[in-house]
Enquirer: 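Supplied in structure tokens, the structure appears directly below.
Naming convention: chains lettered A, B, ... in sequence-line order (proteins, then strands); numbering from 1 in each chain.
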There are 2 protein chains.
Amino acid sequence: MERRVTLKKVSLKAIAQQLNVSVSTVSRALNGKPGVSKRLREQIIKVANDLGYTPDPLAVGLKRGTTKLIGILVPELKGDFFATIVESVERALYHLGYRLLLCPTEDDPKKEEDHLKILVNQRVDGILSAPANFRSNKSLYEAIINEHKIPVVFFDRLVEGVETDYVISDNEEGMRILLEYLISKGHRKIGFIHPLRGIYTSEIRLKTFLEYKDKIVFQEEWIKDGKSSEEDAKEAFTTIMRSKEKPTAIIVGSYHMTLGCLRAAKEMMLKIPEDISIVSFDDAPWNEIFEPPITCVSQDPREIGLIASTILLSRLKNKKMGESRIQTVLKVKFLERLSVAFIK
Amino acid sequence: MERRVTLKKVSLKAIAQQLNVSVSTVSRALNGKPGVSKRLREQIIKVANDLGYTPDPLAVGLKRGTTKLIGILVPELKGDFFATIVESVERALYHLGYRLLLCPTEDDPKKEEDHLKILVNQRVDGILSAPANFRSNKSLYEAIINEHKIPVVFFDRLVEGVETDYVISDNEEGMRILLEYLISKGHRKIGFIHPLRGIYTSEIRLKTFLEYKDKIVFQEEWIKDGKSSEEDAKEAFTTIMRSKEKPTAIIVGSYHMTLGCLRAAKEMMLKIPEDISIVSFDDAPWNEIFEPPITCVSQDPREIGLIASTILLSRLKNKKMGESRIQTVLKVKFLERLSVAFIK
DNA sequence: GTGAAAGCGCTAACAG
DNA sequence: CTGTTAGCGCTTTCAC
């Protein structure tokens, strides 16, 4: 009794003809609109099922202006964090009939802009975005929200000044935890390899780091832009560790870059934590398996994805939730492992 | 001289009115169709640019039956391999104006089926798929290809018997390399934790492993279904290493599962490779950083994505390439590192 | 070379 | 309750 597997193009018209009724009646019946006799409605539904009817989303979209498409902008997919968020979002939206238009930005505001314009053009119902830059594309986002009335929810990052929903982690707190921990372990000479400048999380973490200027031994050469990439972080790490005066600990601003730093340490035959202590932003499955396991502050990407989806969904349902913004800041979790030495 | 950032709904009609010509002329002009005077065409193009016109993809799709949408089915995003493929595909298709509809299947044929039906319904122009199962959904795929005429390109995996393009890796060869290597290192007691049964790569690797039955010490309890998951692999590994008679080496059928095995080894205080040798399918950035670095056969996800996209693109261009199928089998690369001991 | 008209599949007034 | 009509934005005959 297998369901027909080959759903040939069957339109409202086909159903209408088969029952000798008009297309509009069929439309009403199938959409649960009032104004169709119970008996006829049931017949129509039956025929529709038998024929394997599914509405043409293009036609519906054209007419109704709603596409059941959600655009999701992420800098990248590699490296578990954003991948997990996207998976989580997909699971939350899937059963409600929404589909994901995937837009990797590579942290390039220009590519982000292109994607955004296309999403508007495609008439997506909503947009989830981890923006490439905390300043760029501000007016574009505002136009999308205010003029095109497409709900936008930021996650992990945001664009400063854009009034909309978001779910991010407490990056200040994350940096403070890491710093306080290192200090408590006796470290004063502390370096920071931060993510690509311009990214919201990079700016916040850097800003918070700089607030500790006086509590630590501050040295310009120990602060480097790892550009969110494994290679650049590797180079940054190497440079720092080659300088005359070395730090005793380095804070690494993201999981990709942690890989780069570990690679560099390995090549330089540096023992962690004996020769250099390392702590990192973001956890990953392999962090725990490394020798030594890496101490870090972590965010839960699954939760971020779920919350972002939930917020978007409520906007979608409730077009007129008005000005009340849902802005969530998640606590980070501190995972103490073995990558930090105690300094006397 | 910034480009207008807020492209309000501007249609062909708007342009037509502004120049006092008909909509059809504008359409022709903008689509480079013959039958418009050079002068008029230029004017139209200018006005279109000034107004920031972009064709409505829904309307175009409805009319022309082409949507510039590509569906991509992957089991998951976590873990770099498929994430990198998707990124690579996106980069290849992006500049040609194609967008990705992301469909994570979680290796569930039912979810795969749902996604496929929706993709057909959405009238995607093409489908890239790493199918969840080497048998399921065969007739659905065939219907999509033959009846709906939507080109399908399999990557990494395929569905047996479905006549279409694909790009996969040489899994038999991969398994042979691993096995021969272990044997050359003196191993005879070899276990295998394979990916979820039913997945193409799992079946092939298992089949090839079994062909070595007579050249190794074969033991049922050393072969386990790691279900492509970290947890299941961890449990499988633990069980195997608790059995009375232990293998000296274990082949792990995918990168996720490698993490699980390493975790298990750590918990059981097993030293690699002294207590147990490990080799793995698929490489990952962290494989090299582990202590010891993991010996493996690897495929290049970037290349897989690129080839798959290229094939699809040529199908899209050349609807009538006819029966000639492009079926690519990529060589795997063997990366010898330090996770295998030499057994006298 | 250009315009008018039909229609893709659907929804939503407006009439009966 | 049901059918007719119009139209979403675009492409594509078919006339002129």
Enquirer: Over all strands shown, is A:P55 touching base, sugar-phosphate only, or nothing at heavy-atom distances under 4.0 angstrom?
Expert: sugar-phosphate
Enquirer: Ignoring hydrogens and geometry, is there a side-chain-to-backbone donor-acceptor pair from B:T105 to B:L73 under 3.5 Å?
Expert: no
Enquirer: Can you tell me how far the OH atom of A:Y94 sits from the CG atom of A:L96, to the nearest 0.5 Å?
Expert: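 Nearest 0.5 Å value for the OH-CG distance: 11.5 Å.
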Enquirer: Tell me: CG of B:L12 to P of C:dG3, nearest whole Å?
Expert: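 Rounded to the whole Å, the gap is 13 Å.
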Enquirer: Checking the side chain of A:N318 only, and the main-chain atoms of A:S314 only, is there a donor and an acceptor separated by less than 3.5 Å?
Expert: no
Enquirer: Quickly work out the B:R28 CZ to C:dA4 C1' distance and round it to whole Å.
Expert: 10 Å
Enquirer: C:dC10 phosphate, OP1 or OP2: any side-chain N/O from A:S24 under 4.0 angstrom?
Expert: no
Enquirer: Quick check on the helix from C:dG1-D:dC16 to C:dG16-D:dC1: what's the angle between its two end axes, five base pairs per end, to the nearest 10°?
Expert: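 One end's axis against the other's: 50°.
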Enquirer: If only atom types and distance count, is the side chain of A:E87 paired as donor or acceptor with the main-chain N or O of B:L77 below 3.5 Å?
Expert: yes
Enquirer: Going through the checks in order, is the ring-ring contact (aromatic ring centres under 6.0 Å, His included) test met by A:Y141 and A:F154?
Expert: CA-CA 10 Å; A:Y141 275 113; A:F154 290 136; 5.0 Å; yes
Enquirer: Of all the heavy-atom pairs spanning A:T67 and A:V124, show the shortest one and how long it is.
Expert: OG1-CA, 3.6 Å
Enquirer: What contact category does B:L58 fall into here, base, sugar-phosphate, or nothing, at under 4.0 angstrom with non-hydrogen atoms?
Expert: nothing
Enquirer: Tell me what A:S37 touches on the nucleic acid: a base, only sugar-phosphate, or nothing, going by heavy atoms under 4.0 Å.
Expert: sugar-phosphate
Enquirer: I want to confirm an ordering. Mapping A:A59 and A:T25 to their closest nucleotides on DNA chain D, which one lands closer to the 5' end?
Expert: A:T25
Enquirer: Is there a donor-acceptor contact under 3.5 Å from the side chain of A:N121 to the main chain of B:P57?
Expert: no
Enquirer: Rounded to whole angstrom units, what separation is found between the CG atom of B:N20 and the P atom of C:dG3?
Expert: 9 Å
Enquirer: Look at B:K63 and C:dG7 and indicate whether a side-chain polar atom (N or O) is within less than 4.0 Å of OP1 or OP2.
Expert: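 Answer is no, no contact under 4.0 Å.
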Enquirer: Starting from P on C:dG1, measure out to CD1 on B:I44 and report it in whole angstrom.
Expert: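 Atom CD1 in B:I44 sits about 13 Å away from atom P in C:dG1.
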Enquirer: Which whole-number value in Å describes the distance from B:L62 CG to C:dC10 P?
Expert: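 So the CG-P distance, B:L62 to C:dC10, works out to 9 Å.
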Enquirer: Please give, in whole Å, the distance from C:dA12 P to A:N31 CG?
Expert: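 Checked: the CG to P distance equals 8 Å.
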Enquirer: On DNA chain D, which is the earliest and which the latest nucleotide, 5' to 3', with an atom closer than 4.0 Å to a heavy atom of chain A?
Expert: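 The protein-touched segment is D:dC1 to D:dG9.
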Enquirer: If you assign B:S22 and A:K33 each to the DNA chain C nucleotide with the nearest heavy atom, which residue ends up on the more 5' nucleotide?
Expert: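 Result of the comparison: B:S22.
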Enquirer: Please give me the minimum heavy-atom distance between A:E113 and A:L140, naming the atom from each residue.
Expert: CG-CD1, 3.7 Å
Enquirer: Does B:K46 pair with B:E42 as a salt bridge, N-O distance under 4.0 Å?
Expert: no
Enquirer: Rounding to a whole Å, what distance do you find between B:E42:CD and C:dG1:C1'?
Expert: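 In whole Å, C:dG1 C1' lies 15 Å from B:E42 CD.
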